[in-house]
Amino acid sequence: MEDYYQRVYKIVEQIPKGKVTTYGSIARYLGIASGARMVGYALNKAAETNIPAHRVVNRNGELTGRAYFPDDTMRERLKQENIRFIDEYQVDIDQHLWDPNEEMG
DNA sequence: GACCTGACGGTAC
DNA sequence: GGTACCGCCAGGT
């Protein structure tokens, strides 16, 4: 079901600069609250696209997907957007959280 | 067609 | 408050 991935990409593209969201929020918006894993899986493919997948982190704000980005691209991109880091590879999710369920309805 | 794996999340202890 | 375990859906072998 590639259409599923398209849905994920569409949402990730809507993430405003300086904001981040979680896999769970995206999954919930898609109607699969428990499909957070699928979101990350989709973003894996998104890593080779023009989609800002670096703005998506887990519920804890950890850059779990940094391994799928060349070097520290993911962290550099976030820092470039003035994202506050509470750890070397963990953003202040509570400060920059962007929930599509609230922003997009 | 069955089993295993995977950028996660919530609950239980 | 942190760690551990189970559940979830989709895709590949």
Side-chain angles (χ1 to χ4, degrees):
Chain A
M1 191 179 269
E2 294 182 2
D3 223 37
Y4 169 77
Y5 294 108
Q6 296 303 321
R7 295 289 184 181
V8 178
Y9 301 158
K10 205 62 175 297
I11 297 173
V12 177
E13 287 178 337
Q14 301 306 311
I15 303 175
K17 182 181 179 182
K19 291 287 183 178
V20 295
T21 191
T22 66
Y23 303 96
S25 297
I26 297 174
R28 183 172 299 185
Y29 184 79
L30 291 175
I32 44 175
S34 302
R37 306 183 72 166
M38 275 58 274
V39 177
Y41 197 77
L43 291 184
N44 183 339
K45 294 179 62 177
E48 57 189 44
T49 67
N50 300 329
I51 298 168
H54 61 271
R55 289 179 187 156
V56 185
V57 298
N58 67 359
R59 197 197 86 78
N60 212 29
E62 294 174 279
L63 277 53
T64 48
R66 63 184 164 86
Y68 289 76
F69 278 86
D71 301 321
D72 285 342
T73 303
M74 193 172 188
R75 193 172 73 129
E76 289 300 318
R77 293 259 186 169
L78 293 173
K79 290 178 64 179
Q80 202 173 61
E81 298 180 2
N82 297 323
I83 301 292
R84 178 173 299 184
F85 278 74
I86 61 179
D87 197 21
E88 189 171 3
Y89 289 108
Q90 184 175 13
V91 303
D92 194 340
I93 188 67
D94 197 55
Q95 186 71 29
H96 302 283
L97 180 60
W98 180 82
D99 196 338
N101 298 287
E102 297 181 357
E103 299 295 333
M104 303 177 79

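Below, all heavy atoms of this structure are taken into account, side chains as well, without hydrogens, waters or symmetry copies. Here is the naming used below: chain letters follow the sequence lines, and residue numbers restart at 1 for every chain.
Here the side chain of R28(A) is nearest to one of dG12(C), dC8(B), dG10(B), namely dG10(B). Side-chain atoms of N58(A) lie closest to dG9(B) of the nucleotides dG12(C), dA10(C), dG9(B).
Rounded to a whole Å, the CD1 atom of I32(A) is 12 Å from the P atom of dG9(B). At whole-Å resolution of the value, OH in Y29(A) and P in dC8(B) are 23 Å apart. Residue Y23(A) contributes atom OH, which lies 17 Å from atom C1' of dC8(C) at whole-angstrom precision. Rounded to whole Å, atom C1' of dG2(C) lies 12 Å from atom CD of E62(A). One interatomic measurement links the two molecules: CZ of R37(A) to C1' of dG7(C), which rounds to 9 Å at whole-angstrom precision. Taking atom CG on L97(A) and atom C1' on dG9(B), their separation rounds to 14 Å, with Å as the unit. Atom OH of Y4(A) and atom C1' of dC8(C) are 10 Å apart (whole Å). A straight line from CG of N101(A) to C1' of dG9(B) spans 14 Å, rounded to a whole angstrom.
At the phosphate of dG10(B), OP1 or OP2 sits under 4.0 Å from a side-chain N or O atom of R59(A).
The CG atom of L78(A) sits 12.0 Å away from atom CG of D92(A), with the distance rounded to the nearest 0.5 Å.
Using a 4.0 Å heavy-atom cutoff across all strands shown, A47(A) reaches at least one base atom of the nucleic acid. No engagement by A67(A) is indicated, since no non-hydrogen atom pair under 4.0 Å with the nucleic acid exists.
Using modelled atom types, one finds no donor on one side chain facing an acceptor on the other under 3.5 Å when comparing D99(A) with Y29(A).
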| task | Begin from the C-alpha positions of R59(A) and I93(A) and carry the test side-chain contact (heavy atoms from CB on, under 4.5 Å) through to its verdict. | result | CA-CA 8 Å; R59(A) 197 197 86 78; I93(A) 188 67; over 6 Å; no
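Counting only distance, with no hydrogens or angles, the side chain of R55(A) and the backbone of I15(A) share a donor-acceptor pair below 3.5 Å.
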